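In what follows, a structure is listed as structure tokens, so that the remarks can point back to it.
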Amino acid sequence: MVIFLYYFLLFIIYSFLGWCIESLYCMIRQRKVVSRGFLIGPYCPIYGWAALIMILLLQRYLNDPIVLFVMGAVIASIIEYITSLFMEKIFHARWWDYSHVKFNVNGRICLTNSVLFGLLCIVLLYIVNPYIIRMLNHIPPLYLIFISGFLLAIFLIDNIVTFTIMFNIRTLTKAIRKDYTEEITKRVHKILAKQAEQSFIVRHLLKAFPSIKFFGSEVKKNTIHRFLHTKKQLKHKKWFR
């Protein structure tokens, strides 16, 4: 049981460190205080999952930093891509978009971030993780249980509250019958801006992801319908030309 407590605490610690990195990066770019992250608390779970997977899979490559760098970049990029796709399918929203960055894949991942993830993997396995493991080894098992239980309760409540709000936003998005993502995003942002005056969670999400794009379930259907209709018209004109 203790080993699972270790892994959970590692997950929380690296989620917190990831939140620190994200928030600091956004603060430097936007020149203002930004609390980054999908959840309310100071943690980004995507960093926690990526760190755990790297720790579990890449320990055997500690003697080869080049392999660590490449594998770390690949693993983190795959996790980021899957997370972006999953959140888009669940909430009908694009949380980040690298389409404007060179060497990107569907706007979900980009080469620059992959390189940074590879470097973070090296720092993680050579410096950060050994130090954190030594610190955790000094904590008595009873304290580990108490700390883990407390953090787990907070984390679960945070997820439940945030996901409830996001599913409400998804319902709002689906109710807006528009064909274009830009129009839906504009309408949803306008409504959420009013809700943000009374809801800390909505205000947090809008600040953490100012470029978030929303789209309804009708978007792809209508887009495909227009495409097929246009294609049929072109074929018809070509046939009788």
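Keep in mind that what you see is a predicted model, and the values were worked out from it rather than measured.
Listed for the Asp158 side chain is a donor-acceptor partner under 3.5 Å among the backbone atoms of Gly41. Trp96 places no side-chain N or O within donor-acceptor distance of the main-chain N or O of Ser84, the cut-off being under 3.5 Å. In this structure, the side chain of Asp64 engages the main chain of Ile66 through a donor-acceptor pair within 3.5 Å.
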(request) Start with the C-alpha gap between Tyr43 and Phe155, add the side-chain angles, then the distance that decides, and say whether ring-ring contact (aromatic ring centres under 6.0 Å, His included) holds. (result) CA-CA 9 Å; Tyr43 32 65; Phe155 185 71; 5.5 Å; yes

(request) Would you sort out whether Glu80 and Val105 count as a side-chain contact (heavy atoms from CB on, under 4.5 Å), showing the intermediate values? (result) CA-CA 11 Å; Glu80 185 178 29; Val105 180; over 6 Å; no

(message) Evaluate Tyr61 against Leu125 for side-chain contact (heavy atoms from CB on, under 4.5 Å), listing each step before the verdict.
(response) CA-CA 10 Å; Tyr61 303 111; Leu125 293 180; over 6 Å; no

(request) Please test Met54 against Met71 for side-chain contact (heavy atoms from CB on, under 4.5 Å), starting from the C-alpha separation and ending with a verdict. (result) CA-CA 8 Å; Met54 289 177 186; Met71 293 294 291; over 6 Å; no

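Atom CG of Asn104 and atom CG of Asp97 lie 7.5 Å apart (nearest 0.5 Å). Taken from CD1 in Ile82 to CG in Leu85, the straight-line distance is 8.5 Å, to the nearest 0.5 Å.
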Please report, to 0.1 Å, the donor-acceptor pairs under 3.5 Å made by any side chain of residues 110-121, with sequence neighbours excluded.
residue : atom : partner : partner atom : Å
Asn113  : ND2  : Tyr98   : OH           : 2.9
Ser114  : OG   : Ser77   : OG           : 2.5
Ser114  : OG   : Cys110  : O            : 3.1

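Side-chain contact check for Leu9 versus Ile132: every heavy-atom pair is 4.5 Å or farther apart. Looking at Phe8 and Leu151, their side chains come closer than 4.5 Å, going by heavy atoms from C-beta outward. Residues Val128 and Leu17 form a side-chain contact, since some pair of their non-hydrogen atoms from C-beta on lies under 4.5 Å apart.
A pairwise comparison of heavy atoms in Pro65 and Ile122 identifies O-CD1, 3.8 Å as the closest pair.
Residue Ile157 is not grouped with residue Ile160 when hydrophobic side chains (ILVMFWY) are merged at heavy-atom distances under 4.5 angstrom, including chains of intermediate members. Both Trp19 and Ile12 are members of a single hydrophobic cluster when ILVMFWY side chains are connected at heavy-atom separations under 4.5 Å.
At most 12 heavy atoms of other shown residues, nucleotides or ligands fall within 6.0 angstrom of atom NE2 in His138. Around OH of Tyr126, the count of heavy atoms belonging to other residues, nucleotides or ligands within 6.0 Å exceeds 12. When the shell of 6.0 Å around OH of Tyr81 is examined, it contains more than 12 heavy atoms from other residues, nucleotides or ligands.
Aromatic ring centres of Phe11 and Trp49 lie closer together than 6.0 Å.
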